[in-house]
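Shown next, in structure tokens, is the structure this report addresses.
The residues of the chain are indexed from 1 along the displayed sequence. Quick caveat: nothing in here was measured; it's all calculated off a predicted structure.
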Amino acid sequence: MARATVYEDVESERERLTSMAQRIWETPELGLQEEESAQVLIDRLMEEEFDVEVGLGGMPTAFKASYGSGDPTVGILGEYDALPDLSQKVTAEHDPVEQGGPGHGCGHNLFGVAGVGGAIGVKRAIERGDIDGTIEFYGCPAEETLVGKVFMARDGVFDGLDAAITWHPSTLSTPTLDRSLALDSIQFTFDGVSAHAAAAPESGRSALDAVELLNTGVEYMREHISEKARVHYVITDGGDAPNVVPAKATVWYYVRAPTRSEVEQISDWLTDIADGAATMTQTDVNRRFITGCWDFLPNRTVTDVIWETMQEVGEVGYSDDDRTFAGKLKETVSDERIEASLEDVPEEYAAEIRDANLYDVPVPPHAEGDVGGGSTDVGDVSWITPTGQFRAATWAVGTPGHTWQATAANGDFGKQGAVYAAKVLGGTAYTLIENPSIVAEANEEFDAETGEQSYETPLPPETEPPFDNTAP
Ligand SMILES: [Zn+2]
């Protein structure tokens, strides 16, 4: 089968891909600051004669690379941002490379690299004339802060795609059919009047009082929103000293729900409560919309191709050493967390996975229609073009994302998992480009699923990428 040539071409890139993943792991950069990480990917794509466009959506670290011409046009999405405070050496005890420094605790050092590997595999097939069409790689910054794809989508970056595919590092290799929550990220800053809190309280107006009343109001709103909705906040500025009436206070909210329209209803209510809190405290309120994203709409047709490809590629093929190190990492994860990671896994697999340190046998798609607790800006792309996702086994069994254990794995055996993911991405894109009828079917399914609801940016006009806001 000609698709096998893609796997061979990706295999021939193994050393280069793992060293790129290592370089990005060693240079963890937070969202919108990923200059060096993006450059590692851009350099490789340019060597392969992709047309590269850098600086999309107003973000210097967002880019798109294309090879080939005509349709079908298939896009592979990649990410490369790190997380704050997840610096960690490749060892099975918590030991940061840099105390408090950033680290690749979500495996995005593998994520973009695998996408580039897959795109190169497909490029070779187009170059040989095995298939006709266009392969594109999208360098998407700042996923952890739910920014990159949202600002790219607002500028129409994904509009020419016939289908998109992506993946995420994980504990299992399995296609993703569960949905994610749409989200709004909004900050409210109140302006009051400072005064001596004991000597002249009557001349002060407390911005912190307003924040507290807003938060209290939200607790009453919570009673009347749907069970799946989530509203959470942190006070990022609550004043400086008890004897000074705080003239400024800021609270930062995430609003999440299964649909974009529900998120917008809750955000409007939240804004009304903030206005009410300002009235009650005789302060002024300023609302800053940081970002927002859509829920993830999985495309079954694209996912079927992913699953077929995953079975064909088989297992990652981890070594005994990889499995031994994974075993040491697994020992640091509690039994409850391991059980929680197996919650929705088919029972016939769960028992085997529980006993393994690293489980790289592909697990069939499951949890279709379930709504997970997280959010991703892949959601925005999934409402623009038929989108399929999978997870690949790069972490020890039970390892949660955003942990030092994940950072350790991503700097070690996880890199082999990225090569597996590159083959699955490449094989899937190859099949889609080779079979315009599958792409047409995916688009019919997309039209039926989206119906009247077409993509609109969650961003209010004039919203700029939040370069000052790097923490997720
Ligand atoms: Zn991630």
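- Counting only heavy atoms from C-beta outward, the side chains of V218 and L270 approach each other to under 4.5 Å.
- By the side chain to side chain donor-acceptor pair (under 3.5 Å) test, R222 pairs with E219, sequence neighbours left out.
- With D295 contributing its side chain and S180 its backbone, the two residues share no donor-acceptor pair below 3.5 Å.
- Formation of a donor-acceptor pair under 3.5 Å by the D412 side chain with backbone atoms of A408 is not found in this model.
- Atom CG of L110 is separated from atom CH2 of W395 by 9.0 Å, given to the nearest 0.5 angstrom.
- For the residue pair H108 and E144, a side-chain donor N or O sits within less than 3.5 Å of a side-chain acceptor on the partner.
- Under the 3.5 Å distance criterion, with hydrogens and angles disregarded, no donor-acceptor pair is assigned to the side chains of Q33 and T61.
- Salt bridge R260/E456: absent, no basic N to carboxylate O contact under 4.0 Å.
- With salt bridges taken as basic N to acidic carboxylate O contacts below 4.0 Å, none links R23 and E36.
- The stretch residues 58-82 participates, sequence neighbours left out, in these ring pair (Phe, Tyr, Trp, His ring centres under 6.0 Å) pairs: F50-Y67, F63-F137.
- In the model, N435 has no side-chain atom that pairs as donor or acceptor with a side-chain atom of S437 under 3.5 Å.
- Remark: side-chain polar atoms of E445 are paired, donor with acceptor, to backbone N or O of T301 under 3.5 angstrom.
- Between the side chain of S173 and the backbone N or O of V361, no donor-acceptor pair lies under 3.5 Å.
- With T403 contributing its side chain and A406 its backbone, the two residues share a donor-acceptor pair below 3.5 Å.
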(request) Evaluate side chain to side chain donor-acceptor pair (under 3.5 Å) for W307 paired with Q311, printing each intermediate quantity in order. (result) CA-CA 6 Å; W307 174 231; Q311 289 170 285; 3.2 Å; yes

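- Under 3.5 Å, the side chains of E262 and S226 contain a donor-acceptor pair of N or O atoms.
- For the residue pair S267/D184, the side-chain donor-acceptor check at 3.5 Å is satisfied.
- In this structure, F111 and P169 have side chains that are in contact, with non-hydrogen atoms separated by less than 4.5 Å.
- Considering all non-hydrogen atoms of both residues, V90 and G411 come closest at CG2-O, 3.7 Å.
- The two residues F446 and N299 come nearest to each other via the heavy atoms N-ND2, 3.9 Å.
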(request) Check the pair N410 / T407 against side chain to side chain donor-acceptor pair (under 3.5 Å), numbers first and verdict last. (result) CA-CA 5 Å; N410 298 327; T407 308; 5.5 Å; no

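- Side-chain N/O atoms of S319 and D322 include a donor and acceptor closer than 3.5 Å.
- Taking a 6.0 Å sphere around CG of D335, one finds it holds 12 or fewer heavy atoms contributed by other residues, nucleotides or ligands.
- For the pair T394 and W167, the minimum side-chain heavy-atom distance is below 4.5 Å.
- In this structure the side chain of L86 never reaches within 4.5 angstrom of the side chain of H104, judged on heavy atoms.
- In this structure, the ring of Y253 has its center no less than 6.0 angstrom from the ring center of H232.
- Nearest heavy-atom pair, E339 versus R354, reported as atom, atom and distance to 0.1 Å: OE2-NE, 2.7 Å.
- For the pair P465/L32, a side-chain contact is recorded, criterion being any heavy-atom separation below 4.5 Å from C-beta on.
- Counted by atom type alone, Q389 and T166 present zero donor-acceptor pairs between their side chains at under 3.5 Å.
- Under the 3.5 Å distance criterion, the side-chain polar atoms of E29 are matched with a main-chain donor or acceptor of S37.
- In this structure, R300 does not pair ionically with E449, as no charged nitrogen and carboxylate oxygen lie closer than 4.0 Å.
- Between R3 and D130 there is no salt bridge, since no side-chain N of the basic residue sits under 4.0 Å from a carboxylate O of the acidic one.
- The pair D9-R128 counts as a salt bridge, with a side-chain nitrogen and a carboxylate oxygen less than 4.0 angstrom apart.
- Remark: the backbone N or O of R391 is not paired with any side-chain donor or acceptor of T174 at under 3.5 angstrom.
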(request) Assess whether side chain to side chain donor-acceptor pair (under 3.5 Å) is satisfied between D51 and S66, documenting all intermediate values. (result) CA-CA 5 Å; D51 285 329; S66 310; over 6 Å; no

(request) Step by step, work out the side chain to side chain donor-acceptor pair (under 3.5 Å) result for S375 and R256. (result) CA-CA 8 Å; S375 306; R256 309 189 204 231; 2.9 Å; yes

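- For S185 (side chain) and I290 (main-chain N/O), no donor-acceptor pair under 3.5 Å exists by modelled atom type.
- Salt bridge D468/R288: present, at least one basic N to carboxylate O contact under 4.0 Å.
- Annotation: side chain of Y254 is not in contact with side chain of V231 (no heavy-atom distance under 4.5 Å).
- Between the side chains of R287 and Q187, no donor-acceptor pair is found at a separation under 3.5 Å.
- Remark: of the listed residues R124, K423, K123, R124 is the sole one forming a salt bridge (Lys or Arg N to Asp or Glu O under 4.0 Å) with E13.
- Using bins of under 30°, 30° to 60° and over 60° for the plane-to-plane angle, the ring pair W294/W383 lands in the tilted bin.
- A donor-acceptor pair is defined here as one N or O able to donate and one able to accept, closer than 3.5 Å; no such pair exists between the side chain of T171 and the backbone of G398.
- You'll find the side chain of F151 stays beyond 4.5 Å of the side chain of D377, heavy atoms only.
- T176 is listed as a side-chain neighbour of D178, based on a closest heavy-atom distance under 4.5 Å.
- Judged by distance alone, the side chain of K328 and the main-chain N or O of T324 form no donor-acceptor pair under 3.5 Å.
- Of the N and O atoms on the side chains of R154 and T463, not one donor lies less than 3.5 Å from an acceptor on the other residue.
- Taking a cutoff of 4.0 Å between a charged side-chain nitrogen and a carboxylate oxygen, E136 and K64 qualify as a salt bridge.
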